[in-house]
Visitor: 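Before I ask anything, let me first share the structure, which is written out below as C-alpha cells.
Quick caveat: nothing in here was measured; it's all calculated off a predicted structure.
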Amino acid sequence: MNLAIMASGRGSNAAAILDASASDELDARPVALITNRENVGALDVAESHNVPAYAVPRLAFPSRSAQQHRMLEILQDSGADFVALAGFDAILRPFIVAAYPNRILNIHPSLLPAFAGGMAPVPQTDALRAGVRISGCTVHVVTEELDAGPIVAQAAVPVLPNDTVETLADRILEQEHRLYPLALRWFASGSARVENGLVYVDSEECQALWPHTAP
C-alpha cells in the first residue's frame with residue numbers, strides 16, 4: 001500500500017500510523033502527508049518520519065475546490081493508492097472521493113452513526129450531554145455523505161461518572177491510536193473488502209475493540 005495521510009492538527013493519529021509502518025506492524029509505504037493548514041504539528045510528524053509533507057492552505061487558492069484539486073494532484077503525483085484522513089477538518093470534494101473509491105478511511109471520535117458531523121471535541125461534548133454510558137471511535141470508509149460511509153472498526157470507551165470533555169477525549173484518542181493502524185492493516189493485506197455498503201474482514205481479529213483488549 002502506498003499510503004497518503006491528510007491531517008489538519010497536531011498529527012497524533014498520523015504519528016500512530018507512521019510508527020506502525022516503521023515497525024512493520026502496518027505494511028504500508030507512506031508517500032505523502034498533506035495538510036490544509038500551515039505550521040501544524042502534523043508537518044513536524046512527517047518530517048520526523050522522513051515523509052514528504054505538503055501544506056496546502058485555503059488562502060493560497062481562489063476556492064476550496066481549487067485547493068482540493070491541488071491536493072488531488074499531490075496524491076496522484078506521490079503514487080498514493082490509499083488515503084488516511086487523520087484529524088483532517090475539511091470535507092473532501094466528490095472528485096477526490098471518486099478518485100479513490102473505497103480507498104479513503106477516516107477516524108471519528110464517536111461510535112457512528114451516533115454524534116456524526118463534527119470534529120473533536122464536538123462529538124465528545126455531545127456524548128456527555130446525551131448521557132451515554134459508552135462512547136468510543138470509529139474507522140469508516142469515506143463517501144460523499146459525511147461520516148456515513150461503511151464502518152470498518154470501532155473501539156468502545158466507557159464514559160465515567162466524573163468525565164469531562166477533556167478526559168473522555170483523551171481516552172478516546174488512546175483507542176484511536178490502536179484502532180486506526182489495525183484497520184489500515186486489513187486493507188493493506190487485502191483482508192478487508194467492501195460489499196453492499198458493509199465492510200467485511202477476513203481475519204481472526206475482531207472489528208470491535210474494548211480498552212482492555214489487545215488488537
Side-chain angles (χ1 to χ4, degrees), residues 1-61 64 67-68 70-75 77-92 96 100 103-110 118-124 136-142 147 152-153 155 157 165-185 187-188 209 215:
M1 175 190 286
N2 287 338
L3 179 65
I5 299 171
M6 301 178 73
S8 299
R10 58 184 174 178
S12 69
N13 268 307
I17 293 167
L18 294 175
D19 287 344
S21 175
S23 67
D24 295 327
E25 175 189 343
L26 169 62
D27 186 14
R29 183 169 72 96
V31 295
L33 184 144
I34 300 172
T35 73
N36 59 340
R37 301 177 186 277
E38 296 179 300
N39 303 316
V40 293
L43 295 169
D44 298 326
V45 169
E47 181 179 3
S48 68
H49 286 80
N50 296 314
V51 175
Y54 306 87
V56 188
R58 168 68 184 86
L59 293 180
F61 297 86
R64 293 189 185 277
Q67 177 196 26
Q68 292 204 13
R70 175 56 185 147
M71 292 177 180
L72 180 58
E73 289 178 356
I74 294 169
L75 291 172
D77 290 346
S78 73
D81 50 38
F82 210 92
V83 181
L85 305 186
F88 188 69
D89 65 5
I91 298 173
L92 289 186
I96 294 184
Y100 292 89
R103 289 180 289 140
I104 305 176
L105 298 188
N106 181 49
I107 191 158
H108 185 79
S110 77
M119 295 291 295
V122 174
Q124 298 93 324
C137 54
T138 303
V139 175
H140 66 94
V141 177
V142 173
D147 292 336
V152 181
V157 175
V165 172
E166 291 75 18
T167 60
L168 179 59
D170 286 345
R171 293 205 320 283
I172 291 174
L173 190 61
E174 290 178 9
Q175 300 309 309
E176 292 182 33
H177 296 167
R178 294 176 56 218
L179 191 68
Y180 214 170
L182 175 63
L184 286 166
R185 189 170 79 220
F187 281 90
L209 300 182

Visitor: Take atom CG of D27 as the centre, draw a 6.0 Å sphere, and report whether it contains more than 12 heavy atoms from other residues, nucleotides or ligands.
Guide: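 Not more than 12 within 6.0 Å, no.
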Visitor: Quick one: CZ on R185 to CG on D24, what's the gap to the nearest 0.5 Å?
Guide: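 That separation rounds to 12.0 Å.
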Visitor: Nearest 0.5 Å please: distance from the CD1 atom of I104 over to the CG atom of L75.
Guide: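 If I round to the nearest 0.5 Å, the distance is 7.5 Å.
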Visitor: Does any part of the side chain of V51, heavy atoms only, come nearer than 4.5 Å to the side chain of I5, both counted from C-beta?
Guide: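 They are not in contact (no side-chain heavy atoms under 4.5 Å apart), so the answer is no.
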Visitor: I need the I172 CD1 to S110 OG distance, nearest 0.5 Å.
Guide: 8.0 Å
Visitor: To the nearest 0.5 Å, what is the distance between OG1 on T138 and CD on Q175?
Guide: 12.0 Å
Visitor: List in chain and number order the residues that pass salt bridge (charged side-chain N to carboxylate O under 4.0 Å, His left out) with E174, two or more places apart in sequence or in another chain; answer none if no residue qualifies.
Guide: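 Testing E174 for salt bridge (charged side-chain N to carboxylate O under 4.0 Å, His left out), a comparison that skips the adjacent residues, returns none.
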Visitor: Taking ring pair (Phe, Tyr, Trp, His ring centres under 6.0 Å) as the test, write out the residues that go with F82, two or more places apart.
Guide: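 Ring pair (Phe, Tyr, Trp, His ring centres under 6.0 Å) list for F82, sorted by chain: F187.
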Visitor: Nearest heavy-atom pair of P181 and L26: which atoms, and what distance?
Guide: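 Minimum heavy-atom contact is O-CD1, 4.1 Å.
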Visitor: Is there a side-chain contact between H49 and L33, using heavy atoms and a 4.5 Å cut-off?
Guide: no
Visitor: Look at atom CZ of R64 and say whether more than 12 heavy atoms of other residues, nucleotides or ligands are closer to it than 6.0 Å.
Guide: no
Visitor: Has S21 got a side-chain atom pairing as donor or acceptor with A28's backbone, closer than 3.5 angstrom?
Guide: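 Such a contact is found between S21 side chain and A28 backbone.
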Visitor: Less than 4.5 Å apart, any side-chain heavy atom of R103 and any of V83?
Guide: no
Visitor: With a 3.5 Å distance limit and no angle check, can you tell me whether Y180 reaches the backbone of L105 through a side-chain donor-acceptor pair?
Guide: yes
Visitor: Hey, are the side chains of V40 and L43 touching, using non-hydrogen atoms and a 4.5 Å cut-off?
Guide: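 The answer is yes; the side chains approach within 4.5 Å.
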Visitor: Is the shortest side-chain heavy-atom distance between N36 and R58 below 4.5 Å?
Guide: no
Visitor: Return the minimal non-hydrogen interatomic distance between P109 and A120, and the atom names on each side.
Guide: CG-CB, 4.2 Å
Visitor: Can you tell me if Q68 uses its side chain to pair, donor with acceptor, with the backbone of I91 under 3.5 Å?
Guide: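 Yes: the side chain of Q68 pairs with the backbone of I91.
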Visitor: Distance check, rounded to the nearest 0.5 Å: L173 atom CG versus R10 atom CZ?
Guide: 5.5 Å
Visitor: Between L209 and L182, is there a side-chain heavy-atom distance shorter than 4.5 Å?
Guide: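 Heavy-atom side-chain distance check passes, below 4.5 Å.
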Visitor: Does any N or O in the side chain of Q67 come within less than 3.5 Å of the main-chain N or O of V56, such that one atom is a donor and the other an acceptor?
Guide: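 Yes, because the side chain of Q67 sits within donor-acceptor range (under 3.5 Å) of the backbone of V56.
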Visitor: Has E73 got more than 12 heavy atoms of other residues, nucleotides or ligands less than 6.0 Å from its CD?
Guide: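 More than 12 within 6.0 Å, yes.
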Visitor: Measure across L168 and Q124 and return the closest heavy-atom pair with its distance rounded to 0.1 Å.
Guide: CD2-O, 4.0 Å
Visitor: Compare every heavy atom of A32 with every heavy atom of Y54, then report the nearest pair and how far apart it is.
Guide: CE1-CB, 3.9 Å
Visitor: For E38, enumerate each residue passing the side-chain contact (heavy atoms from CB on, under 4.5 Å) test, keeping only those at least two apart in sequence or located in another chain.
Guide: A55, P57
Visitor: So which atom in M71 and which in T35 form the shortest heavy-atom distance, rounded to 0.1 Å?
Guide: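 Closest pair (atom of M71, atom of T35, distance): CE-O, 4.3 Å.
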Visitor: Quick one: closest heavy-atom pair of A183 and V139, and the distance?
Guide: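 Scanning both residues, the minimum pair turns out to be CB-CG1, 3.8 Å.
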Visitor: Any side-chain heavy atom of L92 sitting closer than 4.5 Å to one from N106?
Guide: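 L92 vs N106: side chains apart.
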Visitor: Any chance you could measure N2, atom CG, to R29, atom CZ, to the nearest 0.5 Å?
Guide: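 So the gap between those two atoms works out to 4.0 Å.
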